[in-house]
Amino acid sequence: MATFPLVSLPAGLKLPGVYTQVNLNGAGLTASPNNKVLLWHYVGSGAPADLFTARQVISQAQVDALCKSWSPLAHMFAAAVSQLPQGIGAEVHIVPLPEPSSGSLRTAKIKILGKASSGTVSTGTAAAAADTLTFSYRGRSVKVGVSVGDTWAQIAAKLNTAINAVASFPVTSSVSTDTVTVSERVKGAFDPGAVQVDFENQEASLCAASPGTLTFASAATASGTCVVKLGVGLVSYSITNGDAATASAAGLSAAIRADSYQCDSAVPGTPDGSITLYYRNGRPYRPVSASLSGVTGQTNTVACDTPGTGTPSITAALTRLSSDETAFKAWAVSFDDTTNLSAVVSHVEANEAAGHYEKGQMVFLAQCNSATDAGTVNLPDATSPKMTASSRYVVLHQAGSPQAAWELSARVATEVAATSFPAQNFNGVKLRTNEVTPLGVPHKADRSTRTECNTLISTYKLAPLVVDSSGSNAVLRSNSTYAAQGAADEMAEKWSWRISADYIRQSIRVFLASRFGDKSLKRYGTARTSRVVTLEGVRSALVEVLKKIDDEDVYDDIESLKAAVLAGVKVGPNRIDLAAPLRIVNDIDQIAVALVQQ
């Protein structure tokens, strides 16, 4: 070590303590591990939980009572503890947030109607045979019995009753003739997860359900393209100057039916420019949108879902956490707006700076949009400060998940918090559940390709979740948002490096503080009592603690580096400066074997 690097403490800091800092290619990173996980989400209106205040919770019954059993935070807690064997291993804390006062509820429609035939809307009015309808909302389900001869309105009424009968269901419902409208129970723009509608005997009963319609109006006066997002699927249809609304509807409907999208489609027997979309058995359904590019004269209107609006206010919660010495190894947040994420990044980085709490925290969130949309949004690069400057953030991605994104991040954050070995390689770690908490996998047609996953990792610094060979959701590569500058700092992209660096810092702080916290420095002479210590004594103690960490297989061979451990008085008479090489064991991501024919 040619020079003596110094820890940059805040000007004027006089508080006693052991302070540490990791220097990586000149960029500061930092701080401290445990098994605490912190979950952020909305509670129900009237919930008795103390808002904006982190607190430990120990059971589902307690969370249900504090937050309302149907609240997103109660369901987030259920997802988190379902990751743990027997529900133990991590200490779970929650930050209850009120719904946005100026926001709106997300709604979705389930219109009961006849099964389409060869792309044409059915004129049927009742079930042709007995059936069972299963309605699922982010995996939580209700079942409805269908009798032969039940009209569409009667089936809708049964479904409405079934949904409202489940106290912990995430949505409420209302019914108007043959259409059920479900509404989230709290406002906000958070990811709602997927809707799914299945009929067990559909081929005989000829029952179906629709999320809504796409409707063209007027003739096109210029050529262009209609692009429809069906969840994570993208349909592009070319419209020619002069095409009537009915022609555009017929062409787009045929394009939808030509591939395995989440929705089927049909047009009326007497075309009127409308397209009816249908839920498909076994297919999680996510919101639909459409846009026209280059087309003039003709319009396209989507009448399906209504997205929720509004983002949480987290300022009060962050202020309270700033004055709390409790460190949470992993946060799972439910919001993904850049304003709140920027506030979180600023808070976390401030608390990691040398001379502050050095808490050693990581933040996990997830996205369930398409790989293309995830790249367009590029969250790690969109915050201020940028998440790409730090390895403390993880943006998971799974296109088309049946679950809400925050149910996925809650599981992964809990897994990380519960894992005691700091240098654990999280590649391939499975997401788990229990008997009562749903956890589905995306349909095969909705999953990101290997090429898309590689782009998400290498270009956008996301951490894809995939369906592994056993059919389980799993982490593909435990990738943080950190954008490495080259091979020298590439290891800092991985979760294990971040956690290990924090563990090493915490271990050094605890070890040196316990040994020297009440000692004085004999800078020039020989120590003759236990009340004083020399620079060499402090330097040897740092080597000693690094040797302990080496013995735990977190540090990599301090013996060969101990000569590079330095001690000196460089800044002031009451401060000892230490410097040591940081060499952490690294994840194995790839093994390349060349077989040479002989």
Side-chain angles (χ1 to χ4, degrees), residues 1-9 15-34 327 352-355 358-360 391 420-424 488-489 491-492 494 496-587:
M1 191 175 291
T3 60
F4 196 127
L6 299 177
V7 173
S8 299
L9 296 179
L15 297 175
V18 177
Y19 302 106
T20 62
Q21 187 175 60
V22 174
N23 292 312
L24 184 66
N25 283 356
L29 299 149
T30 34
S32 137
N34 50 47
E352 299 307 336
E358 302 178 26
K359 292 183 176 182
S391 56
S420 58
F421 179 49
Q424 178 64 47
D489 64 337
M491 69 286 186
K494 301 305 297 294
S496 64
W497 184 92
R498 178 70 272 161
I499 297 166
S500 295
D502 287 343
Y503 175 73
I504 291 169
R505 294 183 69 191
Q506 172 71 355
S507 299
I508 291 171
R509 288 201 305 275
V510 171
F511 188 86
L512 296 186
S514 64
R515 182 166 291 189
F516 304 120
D518 59 351
K519 299 292 190 291
S520 298
L521 173 65
K522 197 164 188 180
R523 184 174 177 183
Y524 303 107
T526 301
R528 292 182 173 86
T529 71
S530 61
R531 292 185 291 273
V532 299
V533 64
T534 64
L535 285 174
E536 176 55 30
V538 179
R539 193 196 78 86
S540 296
L542 178 55
V543 173
E544 182 181 345
V545 68
L546 291 175
K547 178 64 169 64
K548 291 177 181 292
I549 299 169
D550 196 335
D551 290 342
E552 296 172 347
D553 286 335
V554 178
Y555 197 95
D556 192 354
D557 193 20
I558 184 58
E559 190 64 28
S560 66
L561 298 172
K562 64 182 182 182
V565 178
L566 306 177
V569 176
K570 301 293 183 180
V571 176
N574 302 114
R575 166 174 162 170
I576 298 173
D577 289 290
L578 295 163
L582 179 65
R583 191 160 68 187
I584 296 170
V585 299
N586 294 326
D587 287 0

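Between Ala423 and Ser500, the closest heavy-atom pair is CA-OG, 3.3 Å.
Within the model, atoms CD1 of Ile584 and NZ of Lys494 stand 13.0 Å from one another, a figure rounded to the nearest 0.5 Å. Residue Glu358 holds its CD atom at 8.0 Å from CD of Glu352, rounded to the nearest 0.5 Å. Once rounded to the nearest 0.5 Å, the distance linking OG of Ser391 with CD1 of Ile499 reads 9.5 Å.
Residues forming a side chain to side chain contact (heavy atoms under 4.5 Å, CB included) with Ser514 (at least two apart in sequence, or on another chain): none. In this structure Asp551 satisfies the side-chain hydrogen bond (donor to acceptor under 3.5 Å, both in side chains) test together with Lys547, sequence neighbours excluded. Asp556 pairs by the side chain to side chain contact (heavy atoms under 4.5 Å, CB included) definition with Arg583, Val585, not counting sequence neighbours. Applying the side-chain hydrogen bond (donor to acceptor under 3.5 Å, both in side chains) test to Asp557 and every residue at least two apart in sequence or in another chain returns Ser560. Remark: Val538 pairs with Phe516, Val533, Ile576, Leu578 by the side chain to side chain contact (heavy atoms under 4.5 Å, CB included) rule, at least two apart or across chains. Residues satisfying the side chain to side chain contact (heavy atoms under 4.5 Å, CB included) criterion with Ala513, sequence neighbours excluded, are Val18. Applying the side-chain hydrogen bond (donor to acceptor under 3.5 Å, both in side chains) rule to Ser496 yields the partners Asp587; only residues at least two apart in sequence or on another chain are considered.
Residues Pro581 and Tyr555 form a side-chain contact, since some pair of their non-hydrogen atoms from C-beta on lies under 4.5 Å apart. The shortest side-chain heavy-atom distance between Leu566 and Asp577 does not fall under the 4.5 Å cut-off. Looking at Ile549 and Phe511, their side chains never come closer than 4.5 Å, going by heavy atoms from C-beta outward.
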| request: Could you please spell out the steps behind the side-chain contact (heavy atoms from CB on, under 4.5 Å) verdict for Thr534 and Thr526? | output: CA-CA 7 Å; Thr534 64; Thr526 301; 5.9 Å; no

| field | Test side-chain contact (heavy atoms from CB on, under 4.5 Å) applied to Leu561 and Leu546, step by step | value | CA-CA 10 Å; Leu561 298 172; Leu546 291 175; over 6 Å; no

| Test side-chain contact (heavy atoms from CB on, under 4.5 Å) applied to Trp497 and Leu582, step by step | CA-CA 11 Å; Trp497 184 92; Leu582 179 65; 4.0 Å; yes

| message | Between Arg498 and Asp502, does the side-chain contact (heavy atoms from CB on, under 4.5 Å) criterion hold? Intermediate values first, please. | response | CA-CA 6 Å; Arg498 178 70 272 161; Asp502 287 343; 2.9 Å; yes

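Arg505 places no side-chain N or O within donor-acceptor distance of the main-chain N or O of Gly360, the cut-off being under 3.5 Å. Remark: side-chain polar atoms of Asn586 are not paired, donor with acceptor, to backbone N or O of Met491 under 3.5 angstrom.
With a 6.0 Å radius and a threshold of 12 heavy atoms from other residues, nucleotides or ligands, Lys548 has its NZ atom at or below the threshold.
Residue pairs that meet the salt bridge (Lys or Arg N to Asp or Glu O under 4.0 Å) test with at least one member in residues 531-546, sequence neighbours left out, are Arg515-Glu544, Glu536-Arg539.
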